[in-house]
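Below: one structure, written as structure tokens.
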Amino acid sequence: MMLALLTLWLLSVLIFLGGHLLPGNVGRAMLGPLADQAAVDVLNHEMGTDRPLLVQYLDWIAGFLTGDLGQSYAYRSPVAPFLMTALLNSAKLAAVAFVLVVPLGILGGVVAALYRGRAADRILSVVGLSATVVPEFVSGIVLILIFGIWLRWFPISATWVDGAGPLTQLYHLILPAIPLVLILFGYIARMARAGMIEALDADYTRTAVLKGLSYPKVIWRHVLRNALLPTISVIATQTVYLIGGLVVIEILFHYQGIGSLIYTAAKKKDFPMLQAGVMSIGALFALTTFLADLLYARLNPRIRFGGRE
Amino acid sequence: MTDLPTPVEAAAPEHGWRDDLRRLRGSVSFVVGAVIVLFWVGCAVFGQSLVPFDPFADDLMNSLMPPSSEHWFGTDQLGRDVFSRVIVGARDILTVAPIATLLSTILGTALGLTMGYFGGLIDEVSSRLVDAVLALPTVIVALLALTALGTSTFTVLVVIAFSFAPIIARTVRSAVLSEVSLDYVAAAELRRENTLYILFIEILPNVMPPILVETTVRLGYAIFTVATLSFIGFGIQPPSPDWGLSISANYGLIGGGFWWAVLFDCLAIASLVVGINLVADGMESTLND
Amino acid sequence: MTINHRLLDILRRGRSPHENHLIDGLVRGAFSRREFLRYGSVLGLSAPLLGGITSAVGFGLAPSMARAGTPGGTIRYGQIVPAAAVNPVTVADGGGLTVLSQFGETLVFSAPDLSAQPLLAESWAPNADGTVWTFKLRQNVKFHNGKVMTADDVVATFDRLSDPEMGSNALSVFTGVLSKGGTRKVDDYTVEFHLDAANGSFPYAVSTDNYNSIIIPAEFPEDFEATMVGTGPFKLEKYTPKVGASFVRNTDYWGPAPLPDRVEATFYGDYQPQILALQGGAIDVIQQLPVLQAVALLNDPNFTIISTPSSAHQQVHMRTDMDPFKDKRVRQAVALTLDRPKIIAGLMRGKAQIGNDSPFMPAFPSTNPSVPQRQQDIAQAKQLMEAAGVGAGFQTTLTTEKYLEIPDYAVLIQNAVKEIGIDLQLNIMDQGTYYGDAVFGKSPWLDSSMGISDYGHRGVPNLFLQAPLMSGGPWNSAHFNNAEYDALVKGFVASLDLESQRATAGQIQTLLLDETPLIQAYFYDFLTVTKAGATGVVPTAMGHLMLGQASL
Amino acid sequence: MTDALSFDNLGVAYRVKGKMRQVLDGVSLSIAKGEAYGLVGESGCGKSTTAFAALRYLPRNGSVNRGRILIDGQDIGLLSPTDLRHLRQFKVSMIYQDPGRALNPSLPIGRQVAEVFELAGVPRAEWPARTHDILAKVQISDPALVMQRYPHQLSGGMQQRVAIAMAIASNPTLLVLDEPTTGLDATVEAEVLDLIQHLRHELSTAILFISHNLAVIARMCDRVGVLYAGRLVEEARTEEIFRNPRHPYTAGLLRCLPQAGRSKDKAMLATIPGFLPGPGTKITGCVFAPRCALADQTCRTVEPELLRTDDRASKCHYPDRINELDHISNAAPVAAAVRNSKTILQVDGLAKSFGSGTQRQRVLRDVGLELRAGETLGLVGESGSGKTTLARCILGLLQPDQGSSLRFAGEALAGTTALRSRHQVKSIQIVFQNPDSALNRAHTVYRMLSRTIGHLVGLRGAAREARIKSLASAVRLTERHLSAVPSQLSGGLKQRVAIARAFASDPQVLICDEPTSALDVSVQAAILNLLAELQATKQVSYILISHDLGVVRYLSDRIAVMYLGQMLEIGPAEAVFSGPHHPYTAALLSSVPTLDGASTERVKLTGALPSTANLPKGCVFHTRCPRKIPGLCDHDAPPQVKLADGHVLMCHLAPEELPAADRNIPPTITLP
């Protein structure tokens, strides 16, 4: 936990410095080139961006600790509500992606491992690998082209009408979720396959087989449990990498999530928003890593019960 | 002493890079991947002189023509030949991504060797920094950095190099950790080799296979990242015929039925990253056994 | 064409000398009926009067607006997300002003045909030298909070906008034109504007062209975004920053009853998703679409494109104070390489008007049509290059921003100048980087030897003539320094007389063609897209979207 | 009565890169019900393949391509998957090496054992009781507690007991044990073997016992088969085969062993020259012919039959000529090194701990020893006793704790190599346990040697070349080997390279850390001979670390016994072996199985090795000592007991009360 906090602190410094390396001034960037200089100066003073860097950092971090994420330069209003909405939206999209990909990925990995070296394995490996490395915007555009424009099966925008029911929301989120699913599928399947193969080759599996246990029982009781442990922690840490993909997907499908929040903040040089967005991802990373460790420890008796007595 | 025989050399497999190469040639993934990658490298190097049209020459009266026998992949908004642009479009990304990857490998290897070999406080502090960087997706780091430093190819290069270096460092570190426990390191210490010699001459050659594989995988991700950044407008800048950039400029047209302006670029990116990862896959399964 | 002199005489009665001069010009045939209407409106001649005059002169009445739509329903439109908080004082971007236009109104409407039409002001008139303009306000106007609009609100609004302390975006219009305190209440429904200098186009400064000048109550609320009190046909229902807004019909509206029950705005970060949303049926109107993106919809029968001519353009500057463009012959040569009709047809899909390397676009009334249009002439360009001693060509860099079609335009220029041996490197940066600090020495925009910058629409060319071209102008990226030009522009701005304006314009146009500090190859139209069958959607080239009389 | 297991001309092949490689070739043997059959052979002989073939559990690329396997008269090759499961459920069980990995790490012990009952159709309600019983049967003292434990919470010995419990729970007719004690400490190994012995009598299960360790087989089995290159070359009753081998390979193996009674001063060890043929190699004639001193033209061209005569069999053309081998190769020892009383290395009060606070591991405590010029000091003790840490401290690879004193040739030695003089560093070198780890696999042999010579001796150019050549020839490496990388060399060759490198700087003290434990016995013999020879010619002192008391005894002049980081006993080799000695030494010695299978009363140790983070008070050995004096040993540190010839030990027992070896020290087997 201390380590996670230390990591977060380092991250905050990196982010803040990153946000303030920019030459020039915030007011000008916000108001645009043609705005009057007087307006720019007033704005800079109002936002406190004419103060020394250290003061700004301390002010920022102090605000952060007390839950005040600062004022958006662009919207002149608190960052927090924007961030919350964005996080919630992204969580929905991520959830759809996860719900689709986790079972698929694990299943793919398990099947590949069980048919190791055969056609099914090779196909799954190559497909998984290819899916993992093709950028989201590429698969996204191809999907839009095929399912949104040619076949017209799915809406090509992720935004739904206000007050739409969960099913409608889900319907809108499926197409955007697929590129994320593709990215994660190969990764999870690969991990699951590796874990499975290790477990299948393990002596304890041999023990189970030689006990005369039936094949399904061997897999279910002895192999899966040990095979999927590392996969679980990998899945958890993927949450954050998912966000990298969210930036592109949310832009492509016009979805107001954390990715597009960060992207627009970056474009508009709305640093409080950008910093808060990026910090929230850092915090999310720390949190998921922590939870993954907990989960891993919960499932792994080696950690749960410590060493030999 | 008569009972001490002169040992006969055991039947041991030929070893070394020549053998690795021979085994790689037997890997279908590697061969297919290498063919794809070499194709694009060829396009990047010679493309400009081979393509049927000047990829930059406009022909406003023939804009947005669908694929035809003259323009195999159609034309774009300015009437430029999409086929020629796709072929030449390999150039920038295949310059930026490999250089960035090389930089990150050098940085990451040096860092990983140091962390793994020295351990202790150096390892702890570096690990925290690595964690801090890894807490963010590369695209976000790049956004932050490019926003702060301004968009330029150089910045993209540096950002990718610095955000991939920790990942490579982590791989190298764990490989080094298992090497450091081996006695040949102790043996080197016992003949008072200096640290640099131990790191780079003793340990490095033995951790090269994972580094090579990781570098190849990173190259795939570097291309992934550069393409993505170009797509969102923070990567390679116009007027390059770069794929990500072309897609970014033209994807609004797909609704109007002008799919050829983006689809071929999409396929180009996909084939290149898949090719590179097939190479990595082939290398991994061949070198790691 | 028969001229009804008796009617004219009646109409001339009580008119100011300027107005009578305008009428004279019309009678003489110095300008067309359209131009008369446009300019007459600026001078405050009311529409019925103008109509009367034109019919008296024999033009017949202007056709009435499109057929009336059916009331009710919700209009969903897409627009670019406002860059900042929606605050009439500070809004500086298209996204923000479109939102302003839903609930706020200005004194004057700068109509799509560039005429100034009464909105919250019923009429207006300048004094003899054009330094004081008197505006009569409409009497039955209520704010959304129920309060009646009076001269006090108008004075407060303009004092706020012209106060340097407030940092208003309108200062860019008012600096040197209107100062704080210059707006004076005469009675509850009469306001006088005492200007810093004579200005023949002042009504445009309080029109929709100066979008910050929507009239809002004297007591300006801190959290304006939460209430958005204005006088417009729609009242705010809900505003969600970055996401969208919804407005409902203002039942107390002073004008014709608004047709739609509701207006829903959805904010988009970019144009592509709007196209997809329109095609997917999620929205009915796209408030604005650059040509580059509109291509996808141009030939689609399901959609109608409303093309509004505008003075918006991509300004190419060449620095007149340093090589390689120090010699005006080089600048002329560059300008001569461009095939403008082809660019308009190919790059702009015909949705643009040809430019003649000055801000005077064909649609401005003051533009002098007698100045010949510059055309592509490679041979002459080569000669000029030879004459300037750079026949062998040279290498230089074109620095510009990544915005709209500029990168493509840059490529076209790059290819065009290749013909005369100029090897043009492109350095295309994001907007923030390009404009930098927007002061000399800290801005690629102002410091580069050649660049392309986007200029938005203005109802009159004054701003285009001053800031980017006058000696010491804050946006003078060409570093153009010409005393003769400066004097001409001063005369142009002060002149209340269309004929003299046009005469000066002719001189300015000729001077600019000769000097060529800037290339204005085309003025691009403002494109709004609606579902086929939609009526009453009124966009302005500035970025307003008037939906009061719209129906689907 | 049908046999429990019988192989009928069994052949097994593996498909490697599209080629079939024959691993077992025509193996025929049968094990009667209740009989214990041992299968020995060096690594690569096909022992494990035999074991797994018996359960029809071959790797994915392996298949039976000849002959039959009958269990209880049933041809298991013909069984349906269900029948095969039944076979495994009820008739055959297997126990193998590394019990830690044989148990599922994520299931409690109780659950894993109960699974056997589940399969046997025992009602769920009875599982806990049955599990408890079976665990008690394998002498687990608190079965209820162990049932709730996870494998990683148990010691290696306990894990193997659990594995055995699972194996015997179904009361199988056949139990296959594949190296069940390899990797366990001698004391633990002895316990496990005791247990198996005990159970066997109780259950009357037939046993196929596979091991590379002849002594273990000798102890456990009724009959023994010897495998060589996938072929059964000899089979006989245990006492027969070790006393009177009828195949040159068996004889060779026996003569390689540094058994009691042999030492470097008396005779060199016999070796078996050459290498095992690789699997799949085309062989004409006798497989062993290339390595056989008796081989003649017939042997090289005609493959001998496995000739069965009165209860034994040999696959040799000349089974009667085996004793001729003695005359061929019983070499005289090399001239012994000149041992003098000059102390070359002195260690006093050496301590080393890792970590801090409650996690502080005190791996070495107050260790003192003296090494004299030209002598070999054997260092023995269970794993975890700190032997290797001690070696690393002496080498300067680990910095000893404050207050430790190391002196080399009278001069103080700094804690790390970096602070030592070049002379000191080059004078104290090591031969590591595992040459795979000790040799950089990226470097050629030449490079390793030349770098060491260049760096530590400072030779350049021709002088260095000459030195490399002489080193290589001293360890019997040829020019060709110099350009090889380690992966091109066999285990024995690699260890020669490691030895050559260690000798490159002319060390005066050479630490040999388990120098032969990774090697087969035939190779081990050659390496031990080489070490003995080099010591004699180069006048080096050795510190020999080994868990193999035979090896220690063969090479050592003096022996030090370590336990939990402390020196419990040190003295002349013979004195330490024969006693009186420390109770711990007695336990160690008695746990070593001998070839004659003589079962002497073993000194049993109870409990597991305590943690170095929580050392017992008083005498560190008291928690396991069979001679513990309550109230004294667990309270006071033991005094030094000084016996004759510098034989010192730490014990509360009076010298006359100390245990002594009660078995005949001289040769336990008499070679023909």
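Computed from a predicted model, the values in this text were never measured in an experiment.
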Do the charged groups of A:Arg116 and A:Glu198 touch, with an N to O distance under 4.0 Å?
no

What part of B:Phe224 lies closer than 4.5 angstrom to a heavy atom of chain A: side chain, backbone, both or neither?
both

Taking every heavy-atom pair that is under 4.5 Å apart, which of A:Leu284, A:Val278, A:Val126 has the most such pairs with chain B?
A:Val278

Can you tell which of B:Asp281, B:Asn277, B:Ile140 has the highest number of heavy-atom pairs within less than 4.5 Å of chain A?
B:Asn277

Given heavy-atom pairs under 4.5 angstrom as the criterion, report whether the side chain, backbone, both or neither of B:Ala145 touches chain A.
neither

So for B:Leu263, is it side chain, backbone, both, or neither that comes closer than 4.5 Å to the heavy atoms of chain A?
side chain

Which portion of A:Thr132 sits near chain B, non-hydrogen atoms under 4.5 angstrom:
both

Would you check, one step at a time, whether the test salt bridge (charged side-chain N to carboxylate O under 4.0 Å, His left out) holds for B:Asp265 with B:Arg85?
CA-CA 9 Å; B:Asp265 290 295; B:Arg85 288 179 68 77; over 6 Å; no

Does A:Trp150, at its CH2 atom, have more than 12 non-hydrogen atoms belonging to other residues, nucleotides or ligands within less than 6.0 Å?
yes

Given A:Tyr57 and A:Ser12, is the side-chain hydrogen bond (donor to acceptor under 3.5 Å, both in side chains) satisfied, shown in steps?
CA-CA 9 Å; A:Tyr57 174 73; A:Ser12 81; 2.9 Å; yes

Is the distance from the ring center of B:Tyr251 to that of B:Phe231 below 6.0 Å?
yes

Heavy-atom cut-off 4.5 Å, strictly under: side chain, backbone, both or neither for B:Val274 against chain A?
both

Would you say the ring centroid of A:Trp153 lies under 6.0 angstrom from that of A:Phe147?
yes

Does B:Arg91 form a salt bridge (charged side-chain N to carboxylate O under 4.0 Å, His left out) with B:Asp242? I'd like the steps, not just the answer.
CA-CA 7 Å; B:Arg91 202 173 48 196; B:Asp242 176 72; over 6 Å; no

If you take the centroid of each ring, where Trp contributes its six-membered ring, are B:Trp260 and B:Trp72 closer together than 6.0 Å?
no

Sub-3.5 Å donor-acceptor pair from the side chain of A:Tyr263 to the main-chain atoms of A:Glu250, do we have one?
no

If you tally heavy-atom pairs under 4.5 Å against chain B, which of A:Ala131, A:Ser130, A:Ser125, A:Gly148 wins?
A:Ser130

Region of B:Thr228 that comes under 4.5 Å of a non-hydrogen atom in chain A
both

B:Leu278 versus chain A, the contacting section by heavy-atom distance below 4.5 Å
both

Any idea which of A:Val138, A:Val134, A:Val133 has the most non-hydrogen atom pairs under 4.5 angstrom with chain B?
A:Val133

Can you say whether A:Ile258 sits under 4.5 Å from chain B via the side chain, the backbone, both, or neither, judging by heavy atoms?
neither

Looking at A:Thr288, A:Leu252, A:Ile144, which makes the most heavy-atom pairs under 4.5 Å with chain B?
A:Leu252

